[in-house]
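Worksheet: the structure to be examined is printed underneath.
All ligand and atom numbering here is 1-based and tracks the order in the structure.
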Amino acid sequence: MCGIFGISRHPEAARMAYFGLYALQHRGQESTGIATFDGQHIRLHAGMGLVPDVYDEPTLGQELQGQVAIGHVRYSTTGVSVRKNAQPLVVRVRGIEIALAHNGNLTNAAQLRGELEDQGAIFQTSSDSEIFVHLIAHSLAEHKTLEDAVVAACDRVRGAYSLIILSEGRIIALRDSHGFHPLAMGKVEGAYVFASETCAFDLLEAEYIREVAPGEMVIVDGDTMRSRSLNDSGRVPVRQCIFELVYFARPDSIVFGEDVYQCRKRMGFEMAKEGPTNAELVMPFPDSGVYAAIGFAQAAGVPYEQAYIRNHYVGRTFIQPSQSMRNFGVRVKLNPVRSMIANRRICIVDDSIVRGTTVRTRVVKLRELGAREVHFRVSCPPLKHPCFYGINFSSRGELVAANHPLEELPGLLNLDSLHYLTIEGLLRSVSQPDQYCLACFNGEYPVACEGQCACCGSAE
Ligand code: 5GP
Ligand code: MG
């Protein structure tokens with residue numbers, strides 16, 4: 001998963017990109033980059049770490065000059081976590097400079113990379129996103145226009161891609177025809193702005209116009225905006241990633257036309273219907289479980305409490321304690337309010353169970369503190385199948401629900417009861433139930449993973 005951003009044309013383009021990426025930080029904490037066009041050349045600043053740590057005043061004020069900017073925050077799903085895999089990727093082909101920011105995962109990356117290398121391409125990174133750059137370069141070498149070159153590249157790749165491209169002062173923003181990942185378009189002070197999620201627009205006081213449609217390519221040249229379709233647009237079903245609504249997107253965003261906060265609350269309502277409890281209090285694992293827990297508590301008429309407190313300052317690089325401090329990672333992140341727990345019948349709500357680590361370790365803690373009963377409600381169906389399109393659970397072996405029969409899970413996770421929202425319940429929570437990818441729940445993949453793809457980890 002990743003976050004992408006673009007703006008044209010604004011006197012403080014780099015600074016706007018910086019704040020846009022700041023709002024998208026939850027989509028990737030590993031590395032970030034901003035590329036600007038200064039009127040002649042593309043300038044790039046990228047680094048490992050969080051947005052506020054990678055840029056400083058001289059970078060935004062002087063180094064990243066220009067009125068057009070694109071940016072990226074990265075959460076590696078393919079390719080290792082190193083500086084050179086940070087995006088935007090910037091290349092120069094036949095005198096044309098291109099910067100590209102990608103959110104998604106290609107399923108035929110290994111095959112295309114092999115073909116391109118056979119034709120003499122030299123890859124700079126281990127990220128599948130670089131394939132776009134080489135495909136575009138290839139078409140430019142055949143004297144195609146940039147726009148046609150981008151369309152031709154999209155004809156070759158399979159999988160998930162929301163893209164923002166900067167070249168010669170123009171911005172091209174597009175979504176693959178399945179529309180796996182989001183991309184929104186807005187306007188601020190006359191400038192067009194693009195972002196993975198609308199929460200970035202709120203921070204910039206930009207007006208949200210609409211989403212870039214699945215299979216749509218938007219071209220912004222100065223003050224003018226045009227739209228054109230990718231070749232497979234409308235020929236494949238729309239399959240947006242429902243996990244964006246379940247977990248990934250910020251609750252203050254509008255994604256796929258859904259108000260994410262309200263959508264998560266509806267998942268909670270549905271769970272209360274499907275899996276009622278006799279609990280005395282409902283509590284989330286914060287922050288991701290909060291919104292479904294509020295919905296659940298309201299629908300069930302059970303008091304909502306925040307009896308687990310989250311430490312917000314846990315970065316990815318905290319110093320690991322000694323071996324004897326087991327499950328430190330979860331403990332440092334979530335700590336219970338003791339007085340809420342003893343002798344109570346508790347119902348926990350979380351958005352998802354992936355490996356089961358959070359549930360297992362946090363439920364043990366509640367038992368130690370004297371909880372009488374611990375029930376668990378999950379606001380999505382069991383995660384049984386890996387994602388090939390960019391969500392970070394890429395191997396079946398990691399998924400606890402894929403490796404144990406459902407009826408064994410309450411025992412395994414030390415729970416008095418466990419209910420996962422059904423697929424039907426989940427789809428009742430959204431307004432366009434036929435437009436979602438549900439592959440992680442039902443194994444029905446809209447795009448096949450072509451063997452040795454990077455998302456299986458075998459191409460590394
Ligand atoms: P588990 O502890 O079962 O492995 O993971 C479940 C927890 O991880 C849930 O609280 C959920 O909010 C969170 N989660 C779900 N998907 C992802 C993901 O793709 N990345 C990260 N970092 N956390 C996730
Ligand atoms: Mg969580």
Gly356 N/O under 3.5 Å from ligand 1 N/O: yes

Thr198 side-chain N/O to Ile254 backbone N/O, donor-acceptor pair under 3.5 Å: yes

Proximal ligand 1 atoms for Ile353, defined as those under 4.0 Å from one of its heavy atoms: 3 (O)

Centroid-centroid under 6.0 Å between Phe296 and Phe269 rings: no

Atoms in ligand 1 flagged as close to Tyr75, the criterion being non-hydrogen separation under 4.0 Å: 18 (C), 19 (O), 20 (N), 21 (C), 22 (N)

Short N/O/S contact of Ser288 with the Mg ion (ligand 2) (below 2.8 Å): yes

Aromatic contact, Tyr18 with Phe5 (centres under 6.0 Å): no

Residue pair Arg310 / Asn335, side-chain donor-acceptor N/O under 3.5 Å: no

Which segment of Asp350 sits under 4.0 Å of ligand 1 when only heavy atoms are counted: side chain

Phe123 six-ring face occupied by Arg113 cation (under 6.0 Å, within 45°): yes

Residue portion contacting ligand 1 (non-hydrogen atoms closer than 4.0 Å) for Ser288: side chain

Option of least heavy-atom distance to atom 8 (O) of ligand 1 (set: Val354, Thr357, Leu334): Val354

Check ion pair Glu305-Arg344 (N to O, under 4.0 angstrom): no

Winner among Glu398, His26, Arg355 once heavy atoms are compared against atom 4 (O) of ligand 1: Arg355

Close approach of Phe285 to ligand 1, heavy atoms, under 4.0 angstrom: no

Carboxylate-amine/guanidinium proximity below 4.0 Å for Arg250 and Glu197: no

Side chain, backbone, both or neither: the part of Phe243 lying under 4.0 Å from ligand 1 by heavy atom: side chain

